[in-house]
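What follows is a short report on a single structure.
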Amino acid sequence: MNPNCKKRMGAIRLEVMRVISQEEIAPAIFELVLEGEMVEAMKAGQFLHLRVPDDSHLLRRPISISSIDKANNQCHLIYRVEGSGTAIFSRLKADDFLDVMGPQGNGFDLSELDDYCKVLLVGGGIGVPPLLEVAKQLHERGVEITTVLGFSTKNAVILDDELAKYGQVYVTTDDGSYGIKGNVSVVINEFDTKFDAIYSCGAPGMMKYINQTFHDHPRAYLSLESRMACGMGACYACVLKVPNSETVSQRVCEDGPVFKTGTVVL
Ligand SMILES: Cc1cc2nc3c(=O)[nH]c(=O)nc-3n(C[C@H](O)[C@H](O)[C@H](O)COP(=O)(O)OP(=O)(O)OC[C@H]3O[C@@H](n4cnc5c(N)ncnc54)[C@H](O)[C@@H]3O)c2cc1C
Ligand code: FES
């Protein structure tokens, strides 16, 4: 095993990964390709906890895994520059190194889906990236995929072409500058298809809508965000409440980030 890759706490590893490339794919949105041994353990929907290469930033930053290339030991991350940490990531160049903890969290459950199944993917803004690996893996199994994406405006649209390789894609924008005007509910409320599974990731309002609309669906999943500190289940910075309980909570980093609809309070 590479000496840079240490196993810790069971499945979570610490590794210094190599930057293969970085490209700005939309204004302030970057695609970072990393190479390292931990790719072999990655699952769709998990995230990496990245150390900001600057000693004044103590907390790692969580970023979802967008796609996984096990043959080449590479993974892709797609992130938006929000504050100083992600701004520093955006300056990384090929052959730089990045201190990575992961792969972390429970990803999307893709089991028991085959070529008889129809699946709905719903993504919003910078929540779209983790759905790409889901689409890729389900498409390989022959699953019929319908994707509905929502963005604020045309400039923020990402991955619609990539996802179109795996099935039909509907794009909505809040201001109507691209695709259908409105949010994803405008499209989803019109469907009369019975989907075998639903996978979603997006802004809090979109997650609430999916949580309510597919509350009783046995295979509907939300990938959620919260502020994180340790990123490995120890500090309880990232907890969500569970319906009908004042005492039980769920940690986004360790119990999530993917939850079944109806299992957490949004
Ligand atoms: C499980 C998970 C997956 C994520 N995946 C992606 C992704 O694929 N692409 C992407 O662009 N963003 C993603 N985010 C959000 C990303 O972590 C934040 O945008 C990033 O941490 C902001 O860091 P900053 O230093 O630039 O911003 P600052 O605002 O300076 O950050 C200050 C602090 O707040 C935390 N923070 C700020 N915003 C968030 C947030 N939305 N979620 C969690 N912590 C936050 C930072 O980690 C840091 O500790 C994800 C968040 C979570 C929890
Ligand atoms: S961030 Fe520490 S428990 Fe989740």
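Residue numbers count from 1 along this sequence. Remember, it's 1-based here, ligands and their atoms both numbered in the order they're listed.
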Is there any N or O on Gly85 that sits under 3.5 Å from an N or O of ligand 1? yes
Heavy atom of the protein closest to atom 3 (C) of ligand 1 (residue, atom name, distance): Ser64 OG, 3.3 Å
When distances are taken from atom 11 (O) of ligand 1, the protein heavy atom at minimum range is Arg80 N, 2.7 Å
Protein contact to atom 9 (N) of ligand 1 [nearest heavy atom, distance to 0.1 Å]: Ile78 O, 3.0 Å
Would the distance check show the side chain of Thr213 and the main-chain N or O of Ile210 forming a donor-acceptor pair, the cut-off being under 3.5 Å? no
Taking 4.0 angstrom as the limit and counting only heavy atoms of Leu59, give me the atoms of ligand 1 inside it, by number and element. 49 (O)
Where ligand 2 meets Gly231 - atom numbers and elements under 4.0 angstrom, heavy-atom basis: 1 (S), 2 (Fe)
Restricting to non-hydrogen atoms, name the atom on Lys154 and the atom on Ser177 that form the minimum distance, rounded to 0.1 Å. N-OG, 2.8 Å
Ranked by distance from atom 43 (C) of ligand 1, the top protein heavy atom is Ser226 O, 2.9 Å
Hey, is atom 4 (Fe) of ligand 2 within less than 2.8 Å of some N/O/S atom on Cys230? no
For the residue pair Phe30 and Tyr79, categorise the inter-ring angle as parallel (less than 30°), tilted (30 to 60°) or perpendicular (more than 60°). parallel
For atom 4 (Fe) of ligand 2, what's the nearest protein heavy-atom neighbour? Residue, atom name and distance, please. Cys238 SG, 2.3 Å
Can Asp99 and Arg60 be counted as an ion pair, charged N to O under 4.0 angstrom? yes
Are any of the N or O atoms of Arg227 closer than 3.5 Å to those of ligand 1? yes
What's the spacing between Ser66 OG and Glu133 CD if we round to 0.5 Å? 8.0 Å
Closer than 4.0 Å to some heavy atom of Cys253 - which atoms of ligand 2 meet that? 1 (S), 3 (S), 4 (Fe)
Can Pro129 be said to touch ligand 1, with heavy atoms closer than 4.0 Å? no
Got the closest protein heavy atom to atom 12 (N) of ligand 1, with its distance? Ile63 CD1, 3.8 Å
Please could you name the atoms of ligand 1 that Met228 approaches to less than 4.0 Å, counting only its heavy atoms? 1 (C), 53 (C)
Should the proximity of Ile29 to ligand 1, defined as any heavy atom under 4.0 Å, be assigned to the side chain, the backbone, both, or neither? neither
Shortest protein contact, atom 3 (S) of ligand 2 (heavy atom only): Tyr236 N, 3.1 Å
Can you tell me the protein heavy atom closest to atom 47 (O) of ligand 1 and the distance? Arg61 CD, 3.4 Å
Glu31 vs His76, test: side chain to side chain donor-acceptor pair (under 3.5 Å). Steps then yes/no. CA-CA 7 Å; Glu31 178 164 17; His76 293 230; 2.7 Å; yes
Is there a polar contact, in the sense of an N or O pair closer than 3.5 Å, between Leu224 and ligand 1? no
Should you measure from each heavy atom of Ala234, which atoms of ligand 2 turn up under 4.0 Å away? 3 (S)
Taking the basic N atoms (NZ, or NE/NH1/NH2) and the acidic carboxylate oxygens, is any pair closer than 4.0 Å for Lys241 and Glu246? yes
Ligand-side contact atoms (ligand 2) for residue partner Ala229, heavy atom cut-off under 4.0 Å: 1 (S)
Quick test of your reading of the model: are Glu15 and Arg13 salt-bridged, counting only N-O distances below 4.0 Å? no
Polar contacts were defined as any N/O atom of the residue lying under 3.5 Å from an N/O atom of the ligand; does this apply to Pro62 and ligand 1? yes
By the definition side chain to side chain contact (heavy atoms under 4.5 Å, CB included), identify the one residue from Ile188, Asn183, Val122 that meets it with Tyr209. Ile188
d(Tyr221 OH, Leu224 CG) to nearest 0.5 Å is 14.0 Å
Atoms in ligand 1 flagged as close to Thr86, the criterion being non-hydrogen separation under 4.0 Å: 24 (P), 25 (O), 26 (O)
Could you find the nearest protein heavy atom to atom 10 (C) of ligand 1 and give me its residue, atom name and distance? Ile126 CG1, 3.5 Å
I'd like to know whether Phe108 forms a ring-ring contact (aromatic ring centres under 6.0 Å, His included) with Tyr199, so could you lay out the CA-CA distance, the side-chain angles of the two residues, the decisive distance to 0.1 Å, and finally the verdict. CA-CA 8 Å; Phe108 290 111; Tyr199 299 92; 5.5 Å; yes
Would you mind running through ligand 1 and noting each atom that sits below 4.0 Å from a heavy atom of Tyr79? 9 (N), 10 (C), 11 (O)
Which atoms form the tightest heavy-atom contact between Ala26 and Asn155, and what is the distance? CB-O, 3.8 Å
Before accepting this row, confirm whether a basic side-chain N of the pair Arg18/Asp95 lies closer than 4.0 Å to the acidic partner's carboxylate O. yes
Value for OG (Ser249) from CG (Leu240), rounded to nearest 0.5 Å, stands at 8.5 Å
Distance flag for atom 18 (C) of ligand 1, protein heavy atom under 4.0 Å: no
Whether the Thr153 and Asp175 side chains hold a donor-acceptor pair (N or O, under 3.5 Å, no angle test) is what I'd like checked. yes
For atom 42 (N) of ligand 1, find the nearest protein heavy atom and state the residue, atom name and distance (0.1 Å precision). Glu225 OE1, 3.4 Å
